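Inspection log for the structure reproduced underneath, given as structure tokens.
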Amino acid sequence: MRTKKLLILYIALLAIAVSTMIMLWKHPLHEIPPRDYEQIKEEGVLRMVTEYNQSGYYVAGDTIEGFQYELSQAIAKLSGLEVQTHLEMSLAKSFEDLSGNKYDVIARNIPATSEIKEEYLFTDPIVLNKQVLVQRTAEANDGKQPIRNQLDLAKKTLYIPKDSPALLRLHNLEIEIGDSIYVIEDELYSSEQLAIMVAKGDIDYAVCDQQIARLSQKQLPELDIDTDISFTQLQSWAVRKESPVLLDSLNSWLNRIRESGLYNKIYERYYGKRK
């Protein structure tokens, strides 16, 4: 009799376990419900994700700096929202977490291509940017002159961070020059770190945003960044397709920051005067 009762108990527990697993499969605990702008206002918190570098967010001594960070803090003052800044080096992971409702905004200089616009909404342009070749100057490279013609990139090995928007441009450039360009997507290092490796002679070439390249060159004068890889692009912040009201609010705040002259002050602090 006791064995029969235990068997019934085990069967009941197994049924509960299976039903719980089915519920978790349908509604996983880690799934975060979508937030619209009304919920953001009600909570009083706007969640942004950016990268850890001088263009995004970084710690200098006892202060926090970064182009995107300062823009986000200006938005916090205008909106009355608490802007929480999260860090993620991978752009692909940032988009994944944006889609998963972990963040509300990707605050990075993202090229707003037609393909990516099908999946996300983008703010009015934050910066005008382009991809440049990071290499050593002749003085820092035993007199070897920097590459100036894109045709000379044939058979060269270029480093970019993993998931860099430069990858698509380099594939197109291969077609344009009719020859192979060997591209290595580095999973460990950011654009700034790759620039340091170029300066030290660990690698010969990297490709990154001109804005990042300018910041790196200030610290590493042995770098040459005068060879363009792409045309000038409009680069913006991204939000989910389901967040048009948030997008309108961001554009309104950014426009007010520009009109006040604060945007130019922040821009010039990190990138210098616009040409």
Side-chain angles (χ1 to χ4, degrees), residues 51 53-56 67 89-92 108-117 122 125-236 267 270-275:
E51 54 192 330
N53 57 29
Q54 293 183 75
S55 179
F67 175 72
M89 294 306 295
S90 168
L91 181 58
R108 292 174 60 154
N109 298 336
I110 307 169
T113 62
S114 56
E115 293 84 1
I116 205 167
K117 282 183 177 180
F122 287 86
I126 301 292
V127 296
L128 293 176
N129 211 342
K130 57 185 171 182
Q131 304 290 336
V132 298
L133 183 67
V134 180
Q135 54 191 325
R136 289 183 294 280
T137 63
E139 293 77 11
N141 201 24
D142 298 324
K144 183 179 178 181
Q145 293 298 317
I147 289 176
R148 290 289 175 253
N149 192 326
Q150 293 179 352
L151 292 172
D152 295 330
L153 292 173
K155 302 296 191 296
K156 297 294 190 297
T157 300
L158 279 55
Y159 285 76
I160 60 174
K162 180 70 174 175
D163 303 318
S164 168
L167 181 62
L168 178 60
R169 171 57 193 152
L170 291 172
H171 285 332
N172 290 336
L173 188 56
E174 276 189 306
I175 298 172
E176 291 172 17
I177 69 174
D179 210 331
S180 298
I181 298 174
Y182 305 120
V183 180
I184 296 179
E185 290 187 86
D186 197 292
E187 297 188 4
L188 295 178
Y189 298 120
S190 66
S191 294
E192 289 179 325
Q193 292 168 316
L194 291 177
I196 292 172
M197 293 174 68
V198 172
K200 291 171 60 179
D202 296 332
I203 59 177
D204 289 324
Y205 307 104
V207 175
C208 70
D209 284 354
Q210 185 182 57
Q211 311 292 15
I212 295 291
R214 285 176 176 171
L215 291 171
S216 298
Q217 192 184 47
K218 288 181 180 179
Q219 307 297 325
L220 303 165
E222 54 267 60
L223 292 180
D224 180 283
I225 61 170
D226 293 334
T227 300
D228 294 346
I229 294 296
S230 74
F231 297 110
T232 299
Q233 301 168 308
L234 301 176
Q235 298 190 345
S236 308
Y267 184 96
Y270 292 95
Y271 301 136
K273 290 188 178 294
R274 285 181 286 178
K275 298 179 180 180

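Remember, predicted model here, so these are calculated numbers, not experimental data. As a basis for the values below, the full set of heavy atoms in this structure was taken, side chains included, without hydrogen atoms, waters or symmetry mates. Residue numbers start at 1 and run along the sequence shown.
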For residues 150-157, which side-chain N or O atoms pair as donor and acceptor with protein atoms under 3.5 Å away, sequence neighbours left out?
| unit_1 | atom_1 | unit_2 | atom_2 | d |
| --- | --- | --- | --- | --- |
| Gln150 | NE2 | Asp228 | O | 2.8 |
| Lys155 | NZ | Asp179 | OD1 | 2.4 |
| Lys155 | NZ | Asp179 | OD2 | 3.3 |
| Lys156 | NZ | Asp152 | O | 3.2 |

So, using salt bridge (Lys or Arg N to Asp or Glu O under 4.0 Å) as the criterion, who are the partners of Asp209 when residues are at least two apart? none
Output for pair (Arg169 CZ, Thr113 OG1), nearest 0.5 Å, gives 13.5 Å
Point-to-point distance, once rounded to the nearest 0.5 Å, from CZ of Arg108 to CD1 of Ile126: 14.0 Å
Heavy-atom side-chain proximity of Leu194 to Cys208 below 4.5 angstrom: no
Spacing of CG belonging to Leu215 relative to OH belonging to Tyr270, to within rounding of 0.5 Å: 9.5 Å
Mind checking the OG-CG spacing from Ser216 to Leu223? Nearest 0.5 Å is all I need. 6.5 Å
Shortest non-hydrogen separation from Gln193 to Leu188 and the atoms involved: OE1-O, 3.8 Å
Side chain to side chain donor-acceptor pair (under 3.5 Å) filter on Asp186, not counting sequence neighbours, yields none
Taking CD in Glu176 as the centre, count heavy atoms belonging to other residues, nucleotides or ligands within less than 6.0 Å. Is the count above 12? yes
Considering only heavy atoms from C-beta outward, does the side chain of Leu234 approach that of Leu128 to under 4.5 Å? yes
Shortest non-hydrogen separation from Ala199 to Arg136 and the atoms involved: O-CD, 4.0 Å
Should the ring pair Phe67 and Tyr271 be called parallel, tilted or perpendicular, given that the plane angle runs from 0 to 90° and is split at 30 and 60? tilted
Quick one: closest heavy-atom pair of Ile181 and Glu174, and the distance? N-OE2, 2.8 Å
Taking C-beta and beyond as the side chain, do Val198 and Asp204 meet within less than 4.5 Å on heavy atoms? no
Mind listing the closest non-hydrogen atom pair of Ser55 and Ile212 along with its distance? CB-CD1, 3.3 Å
With a 4.5 Å cut-off on side-chain heavy atoms, are Asn53 and Ser191 touching? no
Step through the shown structure and confirm whether more than 12 heavy atoms of other residues, nucleotides or ligands are within 6.0 Å of OH on Tyr189. no
Shortest non-hydrogen contact between Gln131 and Ala166, atoms and distance: OE1-CB, 3.5 Å
Approximate separation, where rounding is to 0.5 Å, of Gln235 CD and Gln211 CD: 7.5 Å
Any residue meeting side-chain contact (heavy atoms from CB on, under 4.5 Å) with Asp142, in chain and number order, not counting sequence neighbours: none
Testing the basics here: between Arg148 and Thr227, what is the closest heavy-atom pair and its distance to 0.1 Å? NH1-OG1, 2.7 Å
Contacts of type side-chain contact (heavy atoms from CB on, under 4.5 Å), residue Gln210, not counting sequence neighbours: Asn129, Lys130, Val132, Arg214
Using salt bridge (Lys or Arg N to Asp or Glu O under 4.0 Å) as the criterion, list what pairs up with Lys200, not counting sequence neighbours. Asp202
From CG (Leu168) to CD1 (Ile116), nearest 0.5 Å: 10.5 Å
